[in-house]
> 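Here you go, one structure.
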Amino acid sequence: KMAAAAGAAAAAAGLWSEGNRCGQNGDFARALKSVNKILQINKDDVTALQCKVVCLIQNGNFKEALGVINTHTKVLTSDVIAFEKAYCEYRLNRIESALKTIQSASQQTDKLKELYGQVLYRLERYDDCLAAYRDLIRNSQDEYEEERKTNLSAVVAAQSTWEKVVPEDLGLREATYELCYNSACALIGQGKLNEAMKKLQKAEELCRQSLSEDSDVTEEDIEAELAIIHGQMAYIMQLQGRTEDALQLYNQIIKLKPTDVGLLAVIANNIITINKDQNVFDSKKKVKLTNAEGVEHKLSKKQLQAIEFNKALLAMYTNQADQCRKLSASLQSQSPEHLLPVLIQAAQLCREKQHAKAVGLLQDFADQHPANAAEIKLTMAQLKIAQGSVTKACMILRSIEELQHKPGMVSALVTMYSHEEDIDSAIEVFTQAIQWYQQYQASQTRGANPKSPVHLSLIREAANFKLKHGRKKEAISDLEELWKQNPKDVHTLAQLISAYSLVDPEKAKVLSKHLPSSDTMSLKVDVDALENSHGATYVRKKAGKLTGDNQQKEQGQGEVKKKKKKKKGKLPKNYDPKVTPDPERWLPMRERSYYRGRKKGKKKDQVGKGTQGSTTTGSSELDASRTASSPPTSPRPGSGAAVSATSNVIPPRHQKPAGAPATKKKQQQKKKKGAKGGW
């Protein structure tokens with residue numbers, strides 16, 4: 001027995017030595033075989049079980065490693081194997097379980113703290129994650145400091161992008177392309193697109209420099225690493241409205257076939273947003289990339305939600321009504337307070353011409369979620385306007401209490417009521433808005449009640465509107481308020497006097513005394529300089545020097561107006577003053593008493609008569625078939641002379657009879673002479 005025990009111990013020692021050597025060389029598959037042989041000797045060896053779990057993790061067998069941990073819970077307690085268990089759960093995307101495992105560990109080692117930061121980032125608990133990484137950077141000094149700073153900058157970028165938090169300056173030196181990339185993402189979240197593009201260009205340069213130093217890295221490898229940077233560049237272009245450039249860059253990245261399914265899903269989604277309701281076949285191809293396995297673990301919740309929204313919209317654009325309703329209903333169940341699902345459902349109903357049902361759906365949502373009612377009611381008003389129900393649209397808009405006093409809302413309501421010729425309602429909108437500002441400013445200034453620029457602008461618009469529609473009596477109070485605020489405003493005073501002139505003339509006379517005198521209103525204008533300026537439509541001629549009688553005459557007849565000379569009318573060229581003009585010259589020729597009609601010539605009447613292709617018997621000289629070389633033929637019954645069938649013969653309508661040009665010229669001359677009639 002002692003010899004057998006000694007042999008087993010020697011064999012185990014050899015296996016440990018071999019396993020250690022394989023582990024140091026990175027050959028964990030062979031190391032695992034040695035560990036399994038050791039466990040055959042002693043199945044409850046804690047060290048061997050730990051080594052087995054590590055070998056399985058190194059080989060990527062996380063599920064099997066977790067199985068080993070769970071089957072040996074008595075031996076592998078949480079204190080012994082907490083990090084390995086939490087890491088396996090993290091890699092298997094069991095993030096909540098990994099968090100519980102870390103929190104249940106009795107001792108928080110540095111490895112657990114590092115993993116804790118990663119878990120918090122995946123759970124999108126960015127504030128806690130930021131605190132965890134700050135603590136790690138403060139209390140750690142090793143070769144992984146650069147990686148921790150990179151993770152810290154990634155957390156700041158996520159806060160800026162998804163939570164719209166203005167990031168603080170962490171003082172990180174952007175020496176690597178990862179740090180530059182994360183800084184660019186933070187700038188995009190703040191809307192600083194031009195600065196972000198410069199950061200991305202710097203990140204691209206740093207990436208090329210760092211990768212080109214390795215001789216084993218090919219150009220394809222560099223382009224694959226740059227894909228995520230180029231994708232962010234294309235996103236900035238899309239935000240700037242350069243959709244063609246963005247689309248070109250997106251397609252270049254897709255052609256590289258990157259292994260990152262998250263990157264491909266984001267790019268495909270962005271292409272779909274560019275296509276909108278156009279190029280739907282390309283969009284249907286791209287949407288497959290968003291359904292790849294593992295995408296849900298690579299993207300944030302808001303990214304996944306945006307992709308689902310776009311899938312629903314694409315289903316609507318491709319007339320897949322049932323699919324659209326199914327996707328939007330699923331989204332609404334996941335986020336009941338979100339606006340987009342109900343808006344997509346309403347849009348689908350409108351495409352099906354069910355406007356009343358769409359308005360009812362929006363109204364139900366507004367009743368259930370008062371916090372989001374404003375945007376929903378704006379959509380309802382738009383639908384009512386599209387149906388031609390402007391008055392109902394106004395009622396919906398006026399029910400949005402938080403927007404009633406806004407200048408834009410007041411302007412829209414007044415315009416719509418004016419279109420419907422409901423002036424009383426428009427004036428009521430002005431009155432309510434002015435009263436709201438009076439009450440608000442009184443509460444803010446403890447009764448001092450100064451007028452804000454917006455308040456005064458509303459009063460001005462209300463007064464102008466009332467004056468425009470003949471409500472001068474109602475405009476008096478507004479004009480008095482404006483004049484009280486600015487007594488030097490002559491324009492307002494003039495409007496006030498005009499309004500009082502119809503209501504209280506005596507009051508108008510009293511107010512007119514406040515108008516400036518004509519002397520103070522005279523403008524010092526150089527008339528000559530104004531007339532000679534560029535663009536003047538009238539230039540006064542400089543008067544010559546007047547001497548003697550002309551000067552006296554000019555002074556004595558200064559008030560006499562100069563008579564304009566009448567221009568003589570134009571006379572016809574053949575006008576003869578000795579001949580009395582024809583009294584009927586203004587009448588058309590056919591209506592004159594001496595008109596006898598046109599003279600009918602024999603030849604003129606006969607040419608061109610009959611059916612096309614034939615002539616009358618009286619125009620035999622026009623027949624090409626009656627030549628000296630051809631004998632006369634007998635005419636067919638009921639027709640003129642037959643036309644020869646030779647190809648050179650021109651039909652009678654196209655022939656030019658002898659002497660035709662001269663006759664034509666004479667006729668034209670006669671027409672020209674006749675056209676000048678009248679005298």
Side-chain angles (χ1 to χ4, degrees), residues 19 23 26 28-29 31-32 35-36 38-39 42-145 147-152 154-155 158-159 162-163 261-262 293-301 303-304:
F28 293 100
L32 182 60
V35 170
N36 285 331
I38 293 170
L39 288 171
N42 184 3
K43 64 178 181 179
D44 292 329
D45 191 327
V46 176
T47 306
L49 287 170
Q50 281 183 300
C51 291
K52 182 174 182 178
V53 169
V54 170
C55 289
L56 290 171
I57 290 173
Q58 292 290 346
N59 290 331
N61 299 325
F62 305 107
K63 196 171 183 179
E64 188 177 349
L66 191 60
V68 171
I69 294 170
N70 291 331
T71 53
H72 297 83
T73 53
K74 292 182 180 180
V75 179
L76 299 174
T77 59
S78 59
D79 295 336
V80 175
I81 202 90
F83 173 77
E84 287 79 3
K85 182 181 181 182
Y87 184 77
C88 289
E89 290 170 336
Y90 172 78
R91 293 300 301 270
L92 292 170
N93 298 306
R94 303 173 188 178
I95 310 300
E96 294 288 350
S97 300
L99 180 63
K100 290 179 182 179
T101 302
I102 294 170
Q103 290 175 340
S104 63
S106 58
Q107 185 179 359
Q108 295 294 319
T109 61
D110 289 341
K111 292 192 298 183
L112 278 174
K113 288 179 181 179
E114 297 274 3
L115 184 58
Y116 180 60
Q118 294 282 350
V119 168
L120 291 174
Y121 184 83
R122 286 285 300 276
L123 291 172
E124 300 182 21
R125 291 170 52 179
Y126 300 122
D127 291 336
D128 296 336
C129 184
L130 191 67
Y133 276 116
R134 276 179 167 167
D135 180 64
L136 280 168
I137 293 171
R138 193 183 302 114
N139 299 315
S140 301
Q141 288 184 349
D142 53 23
E143 66 274 16
Y144 298 109
E145 183 179 0
E147 283 78 358
R148 294 189 189 98
K149 289 181 178 179
T150 301
N151 291 344
L152 183 66
V155 176
Q159 281 184 316
W162 308 123
E163 297 180 352
V261 293
E293 185 180 357
V295 168
E296 66 275 11
H297 306 305
K298 292 285 186 177
L299 304 180
S300 67
K301 292 177 182 177
Q303 286 176 311
L304 293 170

> Which atom names give the shortest non-hydrogen contact between L299 and G262, and what distance separates them?
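In this case the closest contact between L299 and G262 is CD2-O, 3.7 Å.
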> Side chain to side chain contact (heavy atoms under 4.5 Å, CB included) between Y126 and E163: does it pass, once the steps are laid out?
CA-CA 9 Å; Y126 300 122; E163 297 180 352; 3.3 Å; yes
> Would you say N70 and K85 make side-chain contact, with heavy atoms under 4.5 Å?
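Counting from C-beta outward, N70 and K85 do come under 4.5 Å.
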> For the residue pair T71 and V68, what are the closest heavy atoms and their distance?
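Minimum heavy-atom separation between T71 and V68: OG1-O, 3.0 Å.
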> Between the side chain of S140 and the main-chain N/O of I137, is any donor-acceptor distance below 3.5 Å?
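Not at all, since once roles are kept as given, no pair shorter than 3.5 Å links the two residues.
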> List the residues meeting side-chain hydrogen bond (donor to acceptor under 3.5 Å, both in side chains) with D127, not counting sequence neighbours, and say none if there are none.
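Only Q159 meet the side-chain hydrogen bond (donor to acceptor under 3.5 Å, both in side chains) criterion with D127.
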> Determine the sole option in T109, D110, L120, I102 for which the side-chain contact (heavy atoms from CB on, under 4.5 Å) test with L115 is passed.
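It is I102, the one option of T109, D110, L120, I102 that forms the side-chain contact (heavy atoms from CB on, under 4.5 Å) with L115.
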> So how far is it from K111 NZ to F83 CZ, rounded to the nearest 0.5 Å?
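These two atoms lie 5.5 Å from each other.
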> Among residues at least two apart in sequence or on other chains, which ones pass side-chain hydrogen bond (donor to acceptor under 3.5 Å, both in side chains) with S104?
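Partners of S104 by the side-chain hydrogen bond (donor to acceptor under 3.5 Å, both in side chains) criterion come out as none, since no residue qualifies.
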> At what distance, to the nearest 0.5 angstrom, does NZ of K43 lie from NE2 of H72?
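One finds 8.0 Å between NZ of K43 and NE2 of H72.
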> Can you list everything that forms a salt bridge (Lys or Arg N to Asp or Glu O under 4.0 Å) with E145? Sequence neighbours excluded, please.
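With sequence neighbours excluded, E145 shows a salt bridge (Lys or Arg N to Asp or Glu O under 4.0 Å) to K149, given in chain and number order.
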> Keeping the roles fixed (side chain from D135, backbone from A131), state whether a donor-acceptor pair exists under 3.5 Å.
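No; zero donor-acceptor contacts below 3.5 Å.
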> Rounded to the nearest 0.5 Å, what separation is found between the CG atom of L66 and the CD1 atom of I81?
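One gets 10.5 Å once the value is rounded to the nearest 0.5 Å.
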> With a 4.5 Å heavy-atom cut-off, do E124 and W162 have their side chains touching?
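No, their side chains stay 4.5 Å or more apart.
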> Nearest 0.5 Å please: distance from the CG atom of N36 over to the SG atom of C51.
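Rounded to the nearest 0.5 Å, the CG-SG separation comes to 11.0 Å.
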> Kindly compute the distance separating CD1 (I95) from CZ (R122), expressed to the nearest 0.5 Å.
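Here the interatomic distance stands at 4.0 Å.
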> Mind checking what makes salt bridge (Lys or Arg N to Asp or Glu O under 4.0 Å) contact with E84, not counting sequence neighbours?
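Expected list: none.
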> Sequence neighbours excluded, which residues qualify as salt bridge (Lys or Arg N to Asp or Glu O under 4.0 Å) partners of R148?
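With neighbours one apart ignored, the set is E114, D142.
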> Any heavy-atom pair between the side chains of R125 and V119 that's under 4.5 Å?
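Answer no - side chains too far apart.
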> Say you draw a straight line from CG of L92 to OG of S97; how long is it, rounded to the nearest 0.5 Å?
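One finds 10.0 Å between CG of L92 and OG of S97.
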> According to side-chain hydrogen bond (donor to acceptor under 3.5 Å, both in side chains), who are the partners of N151, at least two apart in sequence or on a separate chain?
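Partners of N151 by the side-chain hydrogen bond (donor to acceptor under 3.5 Å, both in side chains) criterion, ordered by chain and then number, come out as Y133.
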> For the pair E64 (side chain) and L56 (backbone), establish whether a donor and an acceptor sit closer than 3.5 Å, ignoring hydrogens and angles.
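Not confirmed, E64 side chain does not pair with L56 backbone.
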